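Have a look at the structure below before the remarks.
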Protein chains: 2
Amino acid sequence: MRQVALSTVRRLALYLQFLEELEHKGKQTVSSRALAERGGATPAQVRKDLSFFGSFGKRGIGYPVGRLAARIRDILGLGRRYRVILVGAGRIGMALASYPGFDQRGFDVVTVYDVDPAKVGRKMEGKLVRHINDMDGELAKEPADIAVIGTPAGPAQAIAERLVKSGVRAILNFAPVSLHLPEDVTVTNVNMALELEALSYALSRKKA
Amino acid sequence: MRQVALSTVRRLALYLQFLEELEHKGKQTVSSRALAERGGATPAQVRKDLSFFGSFGKRGIGYPVGRLAARIRDILGLGRRYRVILVGAGRIGMALASYPGFDQRGFDVVTVYDVDPAKVGRKMEGKLVRHINDMDGELAKEPADIAVIGTPAGPAQAIAERLVKSGVRAILNFAPVSLHLPEDVTVTNVNMALELEALSYALSRKKA
DNA sequence: GAGTGTGAAATTGTTCACAGCG
DNA sequence: CGCTGTGAACAATTTCACACTC
């Protein structure tokens, strides 16, 4: 196992959320067991996850909260701010754009794009909505790190391709399609309908 | 492999989205390759996923679009409607509540609960917001199948426990905590901050 | 004693490859 | 001959178990 698994990275982010709470409470150390409970993992898994990046704990004691949090932030690349653009001023995207944890964690929503003339030029959740035709030009001048796609399924692929051409290398996709992009572009799909359908499946198993 | 993997179920939901498009276009058959392309999988994986539930395809031809879609809807338990309640009338929850695909796929948001007196009694996105204190009593009279938790992290665990006590067996959780619940309750976590942090990680790898 | 760090074992999930049907 | 269905090989991930340190 050379490359660290995505699931490990995701758990790291979960541990960090807990560590920051502990930091806030002034706790000095934390055990793999406590981290596991909160992160929905097992103690062994926590230790293994952390061991990929070095050994931070003290045997018999646990992990130093502050130092571990700092290290995870470093591993996750949270030591800087990211320029985020949002394409599609629909509800899900806007909900995200105004999510406080967003700004707080270093993600700045710099621009919102839409096609709807009724939205363009107006402010939504404090962000000015611009027309999507201007997107490529503006990205050329001021690149973005991350794009959030909140459009319907139809235009999502074409928009993603334009984004990649403009230098975006990470996409959070809410449109219900798998985007087909060069492999140096990281895409994370969040598909609400799919989550509900998975719950539906689980429920239908239970009666059986 | 006795139990079907969650990842298989999720892919099935993805295939279904594509099949419904094809149905709409009047296409009669589809190959595992075409399904794979859209579902972000390999042809072999599509065939394996489907084979857990029977064999629907014709060799040399492919799968019958309509019949396969119907079968997947059946597997996923989408042949009925679900009563969904939403706890926490924040942006993400409300965005979901008014998501058209929601209603369309058989999920009825029957009630929205919140603690904020400024919200209680008002309509948001066409849904009347009720006070969370009334939740348990109302659920006793009219049970819900699925609850969506859109509260902050703090109260989420306590609310989840109340929901379970009231008979809810499936929870879609947007609060950034792992809920600790009896194992006959299915919980799906959607954690936006975590998704962004995973993208941050991926981006920070690329410069290296 | 309490709790980490980590190879080795077990499990789970994916890909291969090919037999067999339409 | 194209494409499914599937056991068997493979790869990835999780869990175990225990040596070791504080």
Side-chain angles (χ1 to χ4, degrees), chain A residues 1-15 18-19 22 27-69 71-72 75 178 183 198 201-202 205, chain B residues 1-15 18-19 22 27-69 71-72 75 178 183 198 201-202 205:
Chain A
M1 198 192 285
R2 185 68 255 115
Q3 175 139 292
V4 174
L6 178 61
S7 51
T8 292
V9 173
R10 296 174 65 90
R11 281 193 300 270
L12 247 35
L14 222 43
Y15 305 152
F18 186 38
L19 286 166
L22 293 177
K27 253 208 155 253
Q28 294 298 309
T29 58
V30 63
S31 68
S32 57
R33 187 148 52 79
L35 272 169
E37 194 150 320
R38 170 60 176 261
T42 63
Q45 194 162 50
V46 171
R47 296 200 297 275
K48 179 132 283 194
D49 286 344
L50 296 177
S51 78
F52 286 123
F53 300 96
S55 58
F56 321 112
K58 285 208 190 333
R59 296 167 194 229
I61 306 291
Y63 300 89
V65 170
R67 261 172 41 72
L68 183 56
R71 186 73 182 94
I72 294 180
I75 291 165
S178 301
E183 68 169 43
Y201 173 81
R205 295 283 95 179
Chain B
M1 199 191 284
R2 184 70 253 115
Q3 173 137 293
V4 175
L6 177 62
S7 52
T8 293
V9 174
R10 297 174 64 90
R11 280 193 299 268
L12 247 35
L14 222 43
Y15 304 153
F18 185 39
L19 286 165
L22 294 177
K27 250 203 158 257
Q28 295 296 310
T29 57
V30 63
S31 68
S32 57
R33 188 149 51 80
L35 272 169
E37 193 150 323
R38 169 60 175 259
T42 64
Q45 193 160 51
V46 171
R47 297 199 299 274
K48 176 133 284 194
D49 287 342
L50 296 176
S51 77
F52 286 124
F53 301 95
S55 58
F56 322 111
K58 286 208 189 337
R59 296 169 192 231
I61 305 292
Y63 299 90
V65 169
R67 263 173 40 71
L68 183 57
R71 185 73 181 92
I72 294 181
I75 291 165
S178 301
E183 68 170 43
Y201 174 79
R205 295 282 95 176

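Keep in mind it's a predicted model, so treat the numbers as computed, not measured. Below, chain A is the first sequence line, B the second, and so on; all start at residue 1.
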Whole-Å distance between [N] [atom2] and [X] [atom1]?
| X | N | atom1 | atom2 | value |
| --- | --- | --- | --- | --- |
| B/Leu68 | D/dG5 | CG | C1' | 14 Å |
| B/Gln45 | D/dT6 | CD | C1' | 15 Å |
| B/Tyr15 | D/dT4 | OH | P | 12 Å |
| B/Lys48 | C/dT15 | NZ | C1' | 9 Å |
| A/Leu35 | C/dG5 | CG | C1' | 15 Å |
| B/Leu6 | D/dT13 | CG | P | 15 Å |
| A/Phe52 | C/dG5 | CZ | P | 13 Å |
| A/Arg33 | C/dG1 | CZ | P | 16 Å |

With a 4.0 Å limit, can you tell me whether [X] has a side-chain N or O closer than that to the phosphate oxygens OP1/OP2 of [N]?
| X | N | value |
| --- | --- | --- |
| A/Ser55 | C/dT4 | no |
| B/Ser32 | D/dT4 | yes |
| A/Arg47 | C/dG7 | no |
| A/Ser31 | C/dA2 | no |
| A/Tyr63 | C/dG5 | yes |

- Counting only N and O atoms by type, is there a donor-acceptor contact under 3.5 Å from the side chain of B/Arg71 to the main-chain atoms of B/Phe53?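 Side chain of B/Arg71 to backbone of B/Phe53: a pair is present.
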
What are the two closest heavy atoms between [X] and [Y], and how far apart are they?
| X | Y | answer |
| --- | --- | --- |
| B/Tyr201 | A/Ile75 | CD1-O, 3.2 Å |
| A/Arg47 | A/Ser32 | NH1-OG, 3.3 Å |
| A/Pro43 | A/Ala36 | N-CB, 3.5 Å |
| A/Phe56 | A/Pro64 | O-CD, 3.2 Å |

So which protein nitrogen or oxygen atoms get under 3.5 Å of nucleotides 20-22 of chain C's nitrogens or oxygens?
unit_1 : atom_1 : unit_2  : atom_2 : d
C/dG20 : N3     : B/Arg59 : NH1    : 3.3
C/dG22 : O4'    : B/Arg59 : O      : 3.4

- Message: Quick check for you: to the nearest 0.5 Å, what is the distance between A/Leu50 atom CG and A/Leu12 atom CG?
- Response: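 These two atoms lie 6.5 Å from each other.
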
- Message: To the nearest 0.5 Å, what is the distance between CZ on B/Arg10 and CG on B/Asp49?
- Response: 13.0 Å

- Just checking A/Thr8: base, sugar-phosphate only, or nothing, at a heavy-atom cut-off of under 4.0 Å? nothing

